Amino acid sequence: MEKTKKIILDERELPEKWYNIQAEMPNKPLSMLNPATKTPLKAEDLYPIFAEELAQQELNQTDVWIDIPEEVRDLYKNYRCTPLVRAYGLEKALGTPAHIYFKNESVSPVGSHKLNSALAQAYYCKKQGITNITTETGAGQWGAALSYAACAFGLELAVYMVKISYEQKPYRRSIMQTFGAQVIASPSMSTKAGRKILTDHPNYQGSLGTAISEAIELAMNTPNCKYTLGSVLNHVILHQTVIGLEAEKQMQIAGEYPDVIIGCFGGGSNFGGIAFPFMRHNIKDDTKKTRFIAAEPASCPKLTRGVFQYDFGDETGYTPLLPMFTLGHNFSPAHIHAGGLRYHGAGVIASQMLKDKRIESVDIEQLDSFKAGMLFAQTEGIIPAPESNHAIAATINEANRCKETGEKKVILFNLSGHGLIDMVSYDKYIAGDLVNYSLSSEEIAKNVSKLEKIV
Ligand SMILES: *Cc1c(COP(=O)(O)O)cnc(C)c1O
């Protein structure tokens, strides 16, 4: 029989609604808290920072399905539905009986899944009459996606880019500037949050936590301006469920159902995006036992080694308090090349699910992640983003286990992006210049002990 290599859905199959798993979780996440009053957060509390519809989506625990606006679907159609691909080359190289599939989000015009939420967020801002938006970016994937989305909806965008990435990844900056965005290295002297950290640590190379503080501050001080975030929050993960909803239809066409679903984990948006539409079946049908694995970097292991506690999403403490697995909002992760995974906390839905043992987490060393990415590139012809390499490494570990036991498991992972603008990191790996970063339990405990205990 001829092999099916990839499963393409016609654009008419593009989902019409996003899936809001909050409405169906047996144990709902704890409330987020207003940082000033420490009382449960209301959507109105978020209006000064976020577009109103996004604030409402954030706290929506009742509507299972949320319409994808026509304007957003139109732009999705420029690159969606994305292909589902059977990784025959990788299977063969591993000699595994497992069937490995990947959802290829790297085909988006900016190279990653981030555009799925960027388009939605820009749309809701525009609809509300907002003229300016701000954001932070680490490796630059979110900034690149939002720059294009802002351009598509005619919004002005200012991006705070983590300084080390600003210097290491100049082409992402060029991409943002090509779409018309203003890009500022963070920490900067343009905000109170930036000035404070630069005064305390003049050589600080930046972190997502700091860049978020700067972007929020600018949004709060600029008329008709809102802040947008590329991961962590519930509304972002909601938008990313378009990935899993398509994959569900595609797996059906392939005639298989995944036993294991894997995504790399920064704040949890691509992981939740591919996982939650399938998790729905685990929740509704006790016979469904799909395992969900979040793959995080060993240098930033909030799910694997962090604590579950209320914490801020940013360095300065402008965000609501989120009940999440965290390493502490002032945690400064090692400068690994998977910049998109250098974030101290995990989204509240995934955090609750880890507590409830509905998902698992693994941590992957930097060298293992690149080794996996090299093998994937050589067997499947796509150079993955350094972030995605963590999902691939976890997939390879699962497939190798199947080789030992002879099990023909079906593994589905999300290829969150391509690495064509991250070749400096591959160069360093090939030259033997990359290292692993170990993080001692004492370091984690010390950082976490600084957190204020809320409940
Ligand atoms: C940002 C990013 C990630 C990590 O963010 P999540 O919200 O956890 O998905 C992973 N892969 C790529 C390619 C990214 O750009």
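Whatever order the structure lists them in is the order used to number ligands and atoms, beginning at 1. These numbers were taken from a predicted model, which means no experiment stands behind them.
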Sorted by chain and number, sequence neighbours left out, ring pair (Phe, Tyr, Trp, His ring centres under 6.0 Å) with Phe376 holds for Phe102, Phe413

Can you give the donor-acceptor pairs under 3.5 Å from side chains of residues 148-157 to other protein atoms, not counting sequence neighbours?
none

Considering only heavy atoms from C-beta outward, does the side chain of Leu30 approach that of Phe308 to under 4.5 Å? yes

How would you list, by chain and number, every residue that makes a side-chain contact (heavy atoms from CB on, under 4.5 Å) with Ile66, sequence neighbours excluded? Trp18, Asn20, Gln57, Asn60, Asp63, Leu238

Going by heavy atoms in the side chains, are Thr135 and Tyr160 under 4.5 Å from each other? no

Pairs under 3.5 Å, nitrogen or oxygen of ligand 1 with protein nitrogen or oxygen:
residue: ligand 1; atom: 7 (O); partner: Ser231; partner atom: OG; Å: 2.5
residue: ligand 1; atom: 7 (O); partner: Ser269; partner atom: N; Å: 2.9
residue: ligand 1; atom: 7 (O); partner: Ser269; partner atom: OG; Å: 2.7
residue: ligand 1; atom: 8 (O); partner: Gly266; partner atom: N; Å: 2.6
residue: ligand 1; atom: 8 (O); partner: Gly267; partner atom: N; Å: 3.0
residue: ligand 1; atom: 8 (O); partner: Gly268; partner atom: N; Å: 2.9
residue: ligand 1; atom: 9 (O); partner: His113; partner atom: NE2; Å: 3.2
residue: ligand 1; atom: 9 (O); partner: Ser269; partner atom: OG; Å: 3.3
residue: ligand 1; atom: 9 (O); partner: Asn270; partner atom: N; Å: 2.8
residue: ligand 1; atom: 9 (O); partner: Asn270; partner atom: ND2; Å: 2.7
residue: ligand 1; atom: 11 (N); partner: Ser416; partner atom: OG; Å: 2.7
residue: ligand 1; atom: 15 (O); partner: Lys114; partner atom: NZ; Å: 2.7

Plane angle bin for Trp65 and Tyr19 - parallel if under 30°, tilted between 30 and 60°, otherwise perpendicular: tilted

